[in-house]
Amino acid sequence: MRACRASWLLLPLCKSISIPWSDSCEEIHSLHMLQHHSQRRNRFSSTSPNPDVLVWNEVGQYYDGTLRVKLDIFDPDSPNLTLPVYMRPATEQPAPKGILLMHCGGPGSTRDCVYYTDGPHLEGYDVFAITQRGMEGTTPSLNCDNSKLPETCPPEGCQVSDFTDCPCALLDGTPQLGEIWADLDPANESQVLNLFNKRQAWGPRCAASEKFQLRGRGGKMYNFLNYVGTQFLVYDLDEMRKAVGAENLSIYGYSYGTYVGGVYASVFSQSTGRVVLDGDMEASPRKDAQSTGDAVANDKFVAYLLNTCQAKASECSLKDPHVTYAKLVQRARAGKLTAPTESGMDFPLSVGLLMAYLQAESVSNSGRHFARALQTLAALAGNDVGEREKAVAFILDGFCYVKRVATWSRYDICIGPGHTNEYESAPGISFADPYLEKCAVWGLDLAGYYDVSNLMHQWTVEKISRGDAGLAAVVGDMAGYFLWPLKATPTAPMGSAIVRPLIVGNLFDSATSYSWAQATAEVPHGRPWTSPPCSQTCTRI
């Protein structure tokens, strides 16, 4: 039995096979030998790939290389792209379990994700990670790279354009925008309408940016933004698989990485090996479905945080949590949660940034930041003015910064990475990131066409049914990728008759709703694509 168990390590994780557990080890070893001889017949390998497609520039414990792909795999005249790749080769070569992609989510995961590949469960794989199209380290890059600090502000005050002239930076007068949040009161109709109008006007300017206009063979022009969706990423991944001569590609995806894994397994089922989807994204590619999941997840997290505090009242720093939280939101809505700037101005913390802060603390895998969130809420609610102002400043410092300078404090305006669409250095703990990469991918991946009037109607409905955290998430989603300026080219709904991934759902992750994991467990016509429960199958792997 022990030898037979070892052979099961060679079989695809949670993938349907015809050999039952009770069959002899000889049958399983025969399958292994057939796979081994098939790999030997292929002249390419992970360590000696097709040099026309994949080149290793450095080799060692990690391989550093570049993958060459076509902008449009179906158009031979389209320009070439080069994508950075890191690989950690298996100790035994050829790798007994083949090649495996690690994708850490985003969108925005880079080749650095390979450094998170320690653990016995990944032994025997050639593990690689790729910087997907448009992300930092590729050309062209979606994000901007020319932010600056103004020496002084004009009499009317500084604006976004004083900090950057990037065509994809937000327009002057636009509240900062991030993943499932915006720096405004999400329940205020005039503020939300202003955000949507500004965002709609922003789109054509960004789409026309010179760096996104690529020239192919014969002078044909291509807009790079039409080719950054997940569908093109999975084409790139299959080019990687073929370049190393692998029959199958296994995938371990976190968060958005589960979407990558699901799309690959749906499109290239016959070439899919083991698949783990940890913290699932919405399986049906629709903008409204994703925003609904985000809203439910964020409201659920706040309820969980407050209920846990209530249940452990003697240990929780926030007293009477539900009542206190409601009062804090109202104080933020009234502009009464403030911190002094260098000029002496009382700078207000918006409801949107308060919700964004809680969302940022919720992504702690261990939950260790939940306590910090409750301590910050307690300081905001306390009677000590100095401690309250420190708590406000702590949150503002994490969102409003450029070049390691707290803009809210020095310039009396909150300008941050969500404005400049550039990775910025924070003066302390960072809670904000550029939003452009995510919007570019989701804007193409997810079906749904909206204009401002559509969104305002939908916002009115959402306002009735969501809490403040959920409504903030909806507004961030709507302003982010609902109004993406290019036409969506949605991926197909996920599903496969032959691939059975291991699906992991997270109950209180504000970025990946648990309901999405449940939805991913189904394919069209209600047929499950998940494996039997782990107690029956996965414990043998």
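Note that the coordinates shown come from a computational prediction; the quantities given were computed from them, not determined experimentally.
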| task | Report the C-alpha separation of Leu225 and Leu444 in whole Å, then their side-chain angles, then the decisive distance to 0.1 Å, and conclude whether the side-chain contact (heavy atoms from CB on, under 4.5 Å) test is met. | result | CA-CA 9 Å; Leu225 294 180; Leu444 293 186; over 6 Å; no

| Test side-chain contact (heavy atoms from CB on, under 4.5 Å) applied to Asp52 and Arg68, step by step | CA-CA 8 Å; Asp52 294 332; Arg68 186 183 185 192; 5.9 Å; no

| request: Begin from the C-alpha positions of Lys148 and Glu422 and carry the test salt bridge (charged side-chain N to carboxylate O under 4.0 Å, His left out) through to its verdict. | output: CA-CA 11 Å; Lys148 61 184 186 295; Glu422 180 174 341; over 6 Å; no

| request: For Leu101 and Ile130, run side-chain contact (heavy atoms from CB on, under 4.5 Å): C-alpha distance rounded to whole Å, both residues' side-chain angles, the deciding distance at 0.1 Å, then the answer. | output: CA-CA 8 Å; Leu101 166 73; Ile130 189 171; 4.3 Å; yes

| said: Run the side chain to side chain donor-acceptor pair (under 3.5 Å) test on Ser46 and Tyr63 for me, step by step, so that the C-alpha distance in whole Å, both residues' side-chain angles and the decisive distance to 0.1 Å come before the verdict. | reply: CA-CA 10 Å; Ser46 295; Tyr63 281 40; over 6 Å; no

| field | Step-by-step side chain to side chain donor-acceptor pair (under 3.5 Å) determination, Tyr222 to Asp75 | value | CA-CA 11 Å; Tyr222 302 79; Asp75 183 354; 2.7 Å; yes

| message | Let's go through Asp126 and Val244 carefully: what are the C-alpha distance in whole Å and the side-chain angles of both, what is the deciding distance for side-chain contact (heavy atoms from CB on, under 4.5 Å) to 0.1 Å, and is it a yes or a no? | response | CA-CA 10 Å; Asp126 289 326; Val244 300; over 6 Å; no

| query | Could you walk me through whether Tyr235 and Glu239 pass the side chain to side chain donor-acceptor pair (under 3.5 Å) check? | reply | CA-CA 6 Å; Tyr235 291 149; Glu239 290 299 298; over 6 Å; no

| request: Could you give me the CA-CA distance, side-chain angles and deciding distance for Tyr401 and Ser430, then say whether side chain to side chain donor-acceptor pair (under 3.5 Å) is met? | output: CA-CA 9 Å; Tyr401 59 87; Ser430 171; 2.5 Å; yes

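Remark: side-chain polar atoms of Lys211 are paired, donor with acceptor, to backbone N or O of Ser141 under 3.5 angstrom. Side-chain N or O atoms of His419 include none that pairs as donor or acceptor with a backbone N or O of Leu170 at under 3.5 Å. Formation of a donor-acceptor pair under 3.5 Å by the Arg241 side chain with backbone atoms of Ala246 is found in this model. With Lys287 contributing its side chain and Gly448 its backbone, the two residues share a donor-acceptor pair below 3.5 Å. Listed for the Arg133 side chain is a donor-acceptor partner under 3.5 Å among the backbone atoms of Leu71. Counting only distance, with no hydrogens or angles, the side chain of Ser266 and the backbone of Ser496 share no donor-acceptor pair below 3.5 Å. Within the 3.5 Å criterion, the main-chain N or O of Ala265 finds a donor-acceptor partner in the side chain of Ser269. The backbone N or O of Ala479 sits less than 3.5 Å from a side-chain atom of Arg199, completing a donor-acceptor pair. Of the possible donor and acceptor atoms, none in the side chain of Ser48 sits under 3.5 Å from a partner among the backbone N and O of Ser45. Trp484 places no side-chain N or O within 3.5 Å of a backbone atom of Gly203 that could act as its donor or acceptor partner.
Here the side chains of Leu100 and Val127 are in contact, with some heavy-atom distance below 4.5 Å. At a threshold of 4.5 Å between non-hydrogen side-chain atoms, the residues Ile415 and Val160 count as touching. Under the 4.5 Å side-chain criterion, counting only non-hydrogen atoms from C-beta, Val499 is in contact with Val275. Side-chain atoms of Leu67 and Val53, non-hydrogen and from C-beta on, do get closer than 4.5 Å to each other. Side chains of Pro434 and Tyr423 form a contact here, defined as non-hydrogen atoms less than 4.5 Å apart. Side-chain contact between Trp181 and Tyr357 is absent, with no heavy-atom pair separated by less than 4.5 Å. Looking only at side-chain heavy atoms (C-beta outward), Leu436 and Cys206 come within less than 4.5 Å of each other. In this structure, Leu81 and Asp236 have side chains that are not in contact, with every pair of non-hydrogen atoms separated by 4.5 Å or more.
Looking only at atom types and distance, the side chain of Ser109 has no donor-acceptor partner in the side chain of Tyr254 under 3.5 Å away. Using a 3.5 Å distance cut-off with no hydrogens or angles, the side chains of Glu424 and Ser147 do pair a donor with an acceptor. Thr258 and Asp278 are not linked by any side-chain donor-acceptor pair at a separation below 3.5 angstrom, with hydrogens and angles left out of the test.
Cysteine sulfur proximity is satisfied for Cys144 and Cys166, their SG distance being under 2.5 angstrom.
Atom OH of Tyr115 is surrounded by more than 12 heavy atoms from other residues, nucleotides or ligands within 6.0 Å. In this structure, Arg372 places its CZ atom where more than 12 heavy-atom neighbours from other residues, nucleotides or ligands lie under 6.0 Å away. When the shell of 6.0 Å around CZ of Arg404 is examined, it contains 12 or fewer heavy atoms from other residues, nucleotides or ligands.
No close placement of the Tyr227 and Phe212 rings is indicated, their centers lying 6.0 Å or farther apart. For Tyr86 and Tyr62, the distance between ring centers is not under 6.0 angstrom.
Separation of atoms OG1 (Thr164) and CG (Asp145) is listed at 8.5 Å; rounding is to 0.5 Å. Separating the OH atom in Tyr264 from the CD atom in Gln231 is a distance of 12.0 Å, to the nearest 0.5 Å. Arg274 CZ to Ile251 CD1: the interatomic distance, rounded to the nearest 0.5 Å, is 13.5 Å. The structure places OG1 of Thr91 at 14.5 Å from OH of Tyr125, a figure rounded to the nearest 0.5 Å. The distance from the CG atom of Asp445 to the OH atom of Tyr259 is 4.5 Å, given to the nearest 0.5 Å. Once rounded to the nearest 0.5 Å, the distance linking CZ of Arg111 with OG1 of Thr138 reads 11.0 Å.
Between Glu92 and Lys97 there is no salt bridge, since no side-chain nitrogen of the basic residue lies less than 4.0 Å from a carboxylate oxygen of the acidic one. Ion pairing between a basic and an acidic side chain is recognised when a charged N comes within 4.0 Å of a carboxylate O; Lys438 and Asp433 show no such pairing.
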